[in-house]
Amino acid sequence: RIQILFEKYRMGDDSINSTADMIRSNTVSIINRSQYQKVSRDLEDILFRSLNRTRAACVKTGTLHKKGKERGCWLPRHFMLDRTNRRITYYDKASTQGQKQLGSVPLDACFVLIVDERVVDRQNCLHILYRSGRTMRSVYVSGASVKEAVEWYYAIRSLQTQLGYSANCVDTVYESYLEKTPKEGKGQWRKRWCILVADRILYYKNIMDPFPKGEVKLSKLDKITKVTCVPKHVKAGPDYVFTLETKNRTYYWGTGSEEMCVTWMTKIEGVLQDLYI
């Protein structure tokens, strides 16, 4: 059935609009960390287009569980994706009339990604990273199912695109492919898409993957070093390597260009200076 939909979509068949619910019910529910890469990019495009068709002021609304700032408890909150105010807003209850808004996230300054449950010990979780003044803030929310989390992810990304905002609305300092080794340099070098934002490096298997493979929080960084000769336990890899050392781990990053290596180190050092001003 999906193949038929793809053909209709490519031919510009208007009936594709009426198939949005069927697409979601038959395919979105299968998307998770291990399966996401197997889903056709055509499917992503269809989902973006189906979400882009709506022109309502409130693009999406529903209850998500939000991780509390102080105690870390997950509490139900009513979320609204607001086209008019260009924000994600949330309230205590679904009936927003007369309620005080508990918080909001500007769509022109946020970056949303789907988080591995091992990172936050919570299933179907989204991480919304956004700039607030000179600092970066994080909002963690979880849906009742994988399908719900993915639909929220696509709805936010779709509205950002429609409003002319980058998918990475957070001040992205630098981004490119790098190679890295598994933990402590043991294993083959692997190509990763890396994004340096205001306080961390996020790395992905592919450039369009919403699931990060991991992150390095720069606030926990002890040392950054250009490596001229890698240790014996690290397998031969890229010509130019630098390391990021934290208390618990040494990250090995590599590239085939000395210029790229120097650029990454310079950008990271610049972010570290901003963090500790």
Side-chain angles (χ1 to χ4, degrees), residues 47-48 51-52 54-97 99-117 119-120 122-144 148-173 175 195-202 204 208-212 215 217-219 271 274-275:
L47 286 168
F48 270 111
L51 288 166
N52 272 335
T54 178
R55 294 289 170 179
C58 182
V59 175
K60 189 170 178 62
T61 181
T63 299
L64 297 171
H65 280 75
K66 177 183 174 292
K67 187 176 183 180
K69 180 181 177 182
E70 302 296 333
R71 299 180 181 178
C73 299
W74 292 85
L75 299 173
R77 295 288 182 255
H78 184 72
F79 278 79
M80 297 175 63
L81 183 55
D82 189 340
R83 181 196 307 278
T84 303
N85 295 314
R86 304 187 174 200
R87 304 181 80 85
I88 304 166
T89 58
Y90 55 95
Y91 300 82
D92 185 29
K93 298 177 182 178
S95 177
T96 59
Q97 189 172 4
Q99 276 200 81
K100 182 180 178 181
Q101 181 180 290
L102 296 181
S104 69
V105 177
L107 287 170
D108 65 345
C110 78
F111 176 48
V112 61
L113 58 149
I114 299 173
V115 186
D116 190 322
E117 63 184 87
V119 176
V120 292
R122 183 85 178 185
Q123 292 184 330
N124 315 320
C125 190
L126 297 179
H127 179 192
I128 304 171
L129 182 67
Y130 68 100
R131 177 173 288 282
S132 177
R134 290 180 58 84
T135 63
M136 299 300 296
R137 296 285 303 276
S138 288
V139 174
Y140 289 93
V141 296
S142 69
E148 185 175 38
V150 172
E151 286 187 340
W152 271 97
Y153 170 82
Y154 276 112
I156 295 169
R157 286 283 302 272
S158 177
L159 185 54
Q160 284 180 315
T161 302
Q162 194 178 114
L163 294 173
Y165 301 147
S166 166
N168 298 333
C169 291
V170 167
D171 291 342
T172 301
V173 179
E175 55 188 356
I195 302 175
L196 173 62
V197 292
D199 68 342
R200 69 194 67 196
I201 298 172
L202 302 163
Y204 303 78
M208 286 300 294
D209 194 351
F211 298 91
E215 64 178 38
K217 293 183 178 179
L218 299 183
S219 59
V271 169
D274 290 340
L275 280 176

**OP:** Begin from the C-alpha positions of D108 and R86 and carry the test side chain to side chain contact (heavy atoms under 4.5 Å, CB included) through to its verdict.
**Re:** CA-CA 8 Å; D108 65 345; R86 304 187 174 200; over 6 Å; no
**OP:** Determine, stepwise, if the pair F111 / L202 fulfils side chain to side chain contact (heavy atoms under 4.5 Å, CB included).
**Re:** CA-CA 11 Å; F111 176 48; L202 302 163; 3.2 Å; yes
**OP:** Could you give me the CA-CA distance, side-chain angles and deciding distance for L81 and W152, then say whether side chain to side chain contact (heavy atoms under 4.5 Å, CB included) is met?
**Re:** CA-CA 9 Å; L81 183 55; W152 271 97; 4.1 Å; yes
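A pairwise comparison of heavy atoms in K60 and A155 identifies CD-CB, 3.8 Å as the closest pair. Of all heavy-atom pairs between Y204 and I195, the closest is CE1-CD1, 3.7 Å. Contact detail for D92 and L102: the closest heavy-atom pair is N-CD1, 3.5 Å. Closest approach of I128 to C110, counting heavy atoms only: CG2-CB, 4.1 Å.
With rounding to the nearest 0.5 angstrom, the CZ atom of R200 is 4.5 Å from the CD atom of E215.
The aromatic rings of H127 and Y140 sit parallel, their planes meeting at an angle under 30°, below the 60° perpendicular limit.
Looking at K93 and H78, their side chains never come closer than 4.5 Å, going by heavy atoms from C-beta outward. Taking the side chain as every heavy atom from C-beta outward, R122 and K67 never approach each other to under 4.5 Å. In this structure the side chain of Y130 never reaches within 4.5 angstrom of the side chain of I88, judged on heavy atoms. At a threshold of 4.5 Å between non-hydrogen side-chain atoms, the residues E148 and N124 do not count as touching.
With sequence neighbours left out, T89 forms a side chain to side chain contact (heavy atoms under 4.5 Å, CB included) with M80, R87, Y91, Q101, S104. For the side-chain hydrogen bond (donor to acceptor under 3.5 Å, both in side chains) test, no residue two or more places apart in sequence or in another chain qualifies with T63.
A distance-only check finds a donor-acceptor pair linking the side chain of T61 to the backbone of F79 [under 3.5 Å].
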